[in-house]
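Values below: all heavy atoms of this structure, side chains included; hydrogens, waters and symmetry mates excluded. Both counts, for ligands and for their atoms, begin at 1 and track the order of listing. The chain is numbered in sequence order, starting from 1.
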Amino acid sequence: MKWTKIEVKTSSRTQFIDITGLVSDELAKSAVKNGACHVYMTHTTAGLTINENADPDVARDILAGLAHLVPEKGNYRHAEGNSDAHIKASLMGSSLMVPVIDGRLALGTWQGIYFCEFDGPRVRNVLVGVSGE
Ligand code: ZN
């Protein structure tokens with residue numbers, strides 16, 4: 001399986017960026033009609049998730065909920081001072097798999113793929129690989 005690197009530029013410390021279109025573009029470049037699209041990111045203070053991309057308030061509310069669950073300042077030891085970002089990164093996870101059916105991502109009507117920034121702004125790397133036939 002060939003992997004393609006996509007750059008994602010974030011513009012604030014915490015941010016959800018809808019990368020569904022970027023991932024779909026990589027799928028379209030492959031000849032795969034039925035299989036799996038794998039998305040992975042190579043960072044410890046960011047994550048990936050799938051959630052609603054119809055109402056932008058959903059992503060905003062997830063960020064607000066995560067900020068409530070994992071405050072920026074807390075009983076942390078990590079000298080870099082970004083432990084909240086590391087914790088949120090592990091809560092979201094670093095990879096996703098979306099089924100590919102008839103050449104399209106088999107996402108639900110309201111689902112989008114989000115890159116989750118927790119310690120930006122930065123330039124981030126996302127790897128996309130498509131397997132199948
Ligand atoms: Zn750190």
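- The name of the N, O or S atom in Glu80 nearest to the Zn ion (ligand 1) is OE1.
- Seen from the Zn ion (ligand 1), atom NE2 of His78 and atom OD1 of Asn82 lie 90° apart in angle, a value rounded to 10°.
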Intermediate values then yes/no, side-chain contact (heavy atoms from CB on, under 4.5 Å), Tyr114 and Ile17: CA-CA 5 Å; Tyr114 282 105; Ile17 295 181; 5.8 Å; no
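- Atom NE2 is the N/O/S atom of His86 found closest to the Zn ion (ligand 1).
- We find that Arg124 and Asp119 are not joined by a salt bridge, their nearest charged nitrogen and carboxylate oxygen being 4.0 Å or further apart.
- Taking OG1 from Thr42 and NZ from Lys5, the interatomic distance works out to 8.0 Å, rounded to the nearest 0.5 Å.
- Side-chain polar atoms of Asp18 and Thr20 form a donor-acceptor pair below 3.5 angstrom.
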